Number of protein chains: 2
Amino acid sequence: MTTEVKQSTRERLLEAAATLTYRDGVIIGVDTLCKAAGVSKRSLYQLFESKDELLAASLEERSAAFVATLLPAADDSRSPHERILHVFDQLEEQAGAPDFQGCRYLAAQIELKDQNHPASRVAHRVKANLTAFFRAEAEQGGASDPDLLARQLILVFDGASARAGIGADRLTGLITPTVATLLDAAGMH
Amino acid sequence: MTTEVKQSTRERLLEAAATLTYRDGVIIGVDTLCKAAGVSKRSLYQLFESKDELLAASLEERSAAFVATLLPAADDSRSPHERILHVFDQLEEQAGAPDFQGCRYLAAQIELKDQNHPASRVAHRVKANLTAFFRAEAEQGGASDPDLLARQLILVFDGASARAGIGADRLTGLITPTVATLLDAAGMH
DNA sequence: GGCCTCGTAAACCGATCGGTTTTCATTTCG
DNA sequence: CGAAATGAAAACCGATCGGTTTACGAGGCC
């Protein structure tokens with residue numbers, strides 16, 4: 001194991017940014033961020049151009065873990081149908097956590113409004129990756145319209161994560177039948 | 001016509017709050033709000049308890065128009081199936097507007113995080129009303145599980161509006177087939 | 001005219017914003 | 001040992017935050 005017992009200044013900043021912006025939104029101040037990370041503002045502005053770049057880097061750093069926890073393992077041998085459902089099973093499980101606040105990438109884009117904000121761009125890329133996964137699986141599974149199905153699935157993903165995040169729905173018994181219906185209608189075997 | 005040619009101080013504040021928070025988010029300052037409304041801060045704090053209450057009142061005031069533009073007319077004689085699709089047709093049309101930023105009620109809840117914020121409570125009520133409409137139509141249309149269908153529809157509504165709002169999807173050719181698939185699977189005639 | 005209400009403009013409050021700078025203690029390394 | 005690099009602490013910057021208060025002018029009513 002190469003687990004680092006001692007985090008670098010940079011890592012502590014990225015982690016604090018991820019944690020606090022997820023809980024309080026991008027409105028969080030740099031003073032609060034630095035205090036939580038145990039890092040001086042001077043160090044922050046040596047490591048990052050600005051607060052905006054720190055937020056973008058913080059989202060970027062989590063992107064690998066985000067897709068890793070959602071997507072099936074690389075050596076997964078199940079059918080595309082099951083592999084897609086796996087993603088939504090993972091989402092439903094995450095949504096059950098008491099501190100779940102919805103997908104951080106969707107939240108960032110909604111809070112920032114500006115689509116050209118560096119953090120918005122990162123969020124957009126992450127979601128494009130997830131959509132690409134859906135489309136590839138849809139194609140391989142013989143969906144009648146892989147592009148349409150992928151758009152439907154990412155729509156359900158964002159809708160479910162948003163509604164669970166604001167506490168409007170607990171998703172129980174909702175996601176699986178919905179996704180299954182869409183997969184069936186697309187002729188996925 | 002009883003159209004008011006002259007807006008009251010209160011009306012100007014509510015309109016400015018609705019416009020600016022939709023464009024810039026709830027982060028907007030009271031100075032900016034007052035300047036845009038042509039109203040002094042003194043008047044604001046005579047009419048409203050706080051900025052939070054102004055935001056809540058601004059969302060509340062729009063709620064009637066929100067459901068009115070989405071829902072079919074009271075004397076609409078079409079089938080529940082068509083009446084539900086009407087809502088999503090309206091959403092797709094609104095999403096086509098160049099300044100569309102997604103559903104303001106969903107955005108408010110995501111930005112505020114706090115579910116007990118007065119504006120969050122208003123947003124929650126509005127969405128509960130829309131969900132109730134879906135459920136009533138589902139029941140009347142003979143859906144096998146009206147509760148499930150209503151949850152699916154509001155999920156699609158929020159997901160579609162969120163993705164269109166952040167510019168991730170233009171919804172064209174997406175909503176209608178998705179909703180139709182769900183209605184069919186629920187056995188809606 | 002005199003009074004009272006209404007609302008604007010603007011000063012003011014302490015706190016915080018994103019960002020910069022200075023100071024000083026510690027660590028690293030030749 | 002001594003020089004250089006690092007980074008924490010904190011003062012500081014102008015601007016803005018939500019909110020309060022003061023001052024003044026424009027109307028209506030007796």
Side-chain angles (χ1 to χ4, degrees), chain A residues 4-60 107-108 111-114 116-122, chain B residues 4-60 107-108 111-114 116-122:
Chain A
E4 300 277 340
V5 59
K6 200 174 185 177
Q7 281 183 320
S8 72
T9 299
R10 186 187 157 89
E11 287 167 336
R12 271 181 286 146
L13 273 171
L14 289 172
E15 185 175 318
T19 304
L20 294 185
T21 59
Y22 186 59
R23 200 190 55 191
D24 301 332
V26 297
I27 187 59
I28 194 76
V30 292
D31 286 308
T32 311
L33 243 25
C34 288
K35 191 90 67 170
V39 163
S40 70
K41 293 170 75 173
R42 184 173 193 262
S43 301
L44 190 167
Y45 285 101
Q46 275 172 205
L47 290 165
F48 301 94
E49 277 264 319
S50 63
K51 177 197 173 186
D52 290 344
E53 293 294 341
L54 168 60
L55 296 188
S58 146
L59 288 185
E60 177 71 53
E111 289 172 33
L112 291 172
K113 314 280 182 198
D114 179 11
N116 287 104
H117 189 291
S120 274
R121 292 177 169 280
V122 172
Chain B
E4 300 276 342
V5 58
K6 199 174 185 175
Q7 282 184 321
S8 71
T9 300
R10 186 183 152 102
E11 286 166 336
R12 273 182 285 146
L13 273 171
L14 289 172
E15 185 176 317
T19 303
L20 294 183
T21 59
Y22 186 59
R23 200 190 57 191
D24 301 333
V26 297
I27 187 62
I28 193 74
V30 292
D31 286 310
T32 310
L33 244 24
C34 288
K35 191 91 65 171
V39 163
S40 69
K41 293 170 75 173
R42 185 172 193 265
S43 301
L44 191 166
Y45 284 101
Q46 277 172 205
L47 291 165
F48 301 95
E49 277 262 320
S50 63
K51 176 195 173 187
D52 290 344
E53 293 294 341
L54 167 60
L55 297 188
S58 146
L59 289 186
E60 177 71 54
E111 289 173 31
L112 291 170
K113 314 279 182 198
D114 179 11
N116 288 105
H117 189 290
S120 273
R121 292 178 170 278
V122 172

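Just so we're on the same page: letters track the sequence lines, and every chain starts at 1. Predicted, not measured: the structure shown is a model, and the values here were computed from it. Computed over heavy atoms, backbone and side chain alike; hydrogens, waters and symmetry mates excluded.
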A:Tyr45 side chain near C:dG19 phosphate (N/O to OP1/OP2, under 4.0 Å): yes
Check: B:Leu47 main-chain N/O paired with B:Arg10 side-chain donor or acceptor under 3.5 Å: no
Rounded distance (Å) that lies between atom P of C:dG7 and atom CD of B:Gln46: 7 Å
Side-chain N,O (A:Ser43) to OP1/OP2 (D:dT6) below 4.0 Å: no
Phosphate contact (C:dG18 OP1 or OP2) by A:Lys51 side-chain N/O below 4.0 Å: yes
Gap between atoms CZ and P, on A:Phe48 and C:dG19 respectively (whole Å): 13 Å
Gap between atoms CG and C1', on A:Leu44 and D:dG7 respectively (whole Å): 13 Å
Nearest-Å distance for atom pair CZ/C1', residues B:Arg12 and C:dG7: 10 Å
Candidate nucleotides D:dC17, D:dG7, C:dG7, ranked by approach to the side chain of A:Ser40 - the nearest: D:dG7
Sugar-phosphate only, base, or nothing, as touched by A:Leu47 at under 4.0 Å among non-hydrogen atoms: nothing
Touch class at under 4.0 angstrom, heavy-atom based, for B:Leu33 against every strand present: nothing
Criterion side-chain contact (heavy atoms from CB on, under 4.5 Å) on A:Lys41 and A:Asp31, from CA distance to verdict: CA-CA 7 Å; A:Lys41 293 170 75 173; A:Asp31 286 308; 3.2 Å; yes
Spacing between A:Lys41 atom NZ and C:dT21 atom P, to the nearest angstrom: 13 Å
Sidechain-backbone polar pair: A:Glu111 side chain, A:Val26 backbone, donor-acceptor under 3.5 Å: yes
Value in whole Å for how far the P atom of D:dT16 lies from CD1 of B:Ile27: 13 Å
Atom CD of B:Gln46: over 12 foreign heavy atoms under 6.0 Å: yes
Residue mapping more 5' on DNA chain D - nearest nucleotide basis, B:Arg42 or B:Asp52: B:Asp52
B:Glu49 atom CD, neighbour heavy-atom count above 12 within 6.0 Å: no
Distance in angstrom units between A:Lys35 NZ and D:dA9 P, rounded: 8 Å
Nearest-Å distance for atom pair CG/P, residues A:Leu20 and C:dT16: 16 Å
Listed nucleotide nearest any side-chain atom of B:Val30, set D:dG18, C:dG7, C:dG18: D:dG18
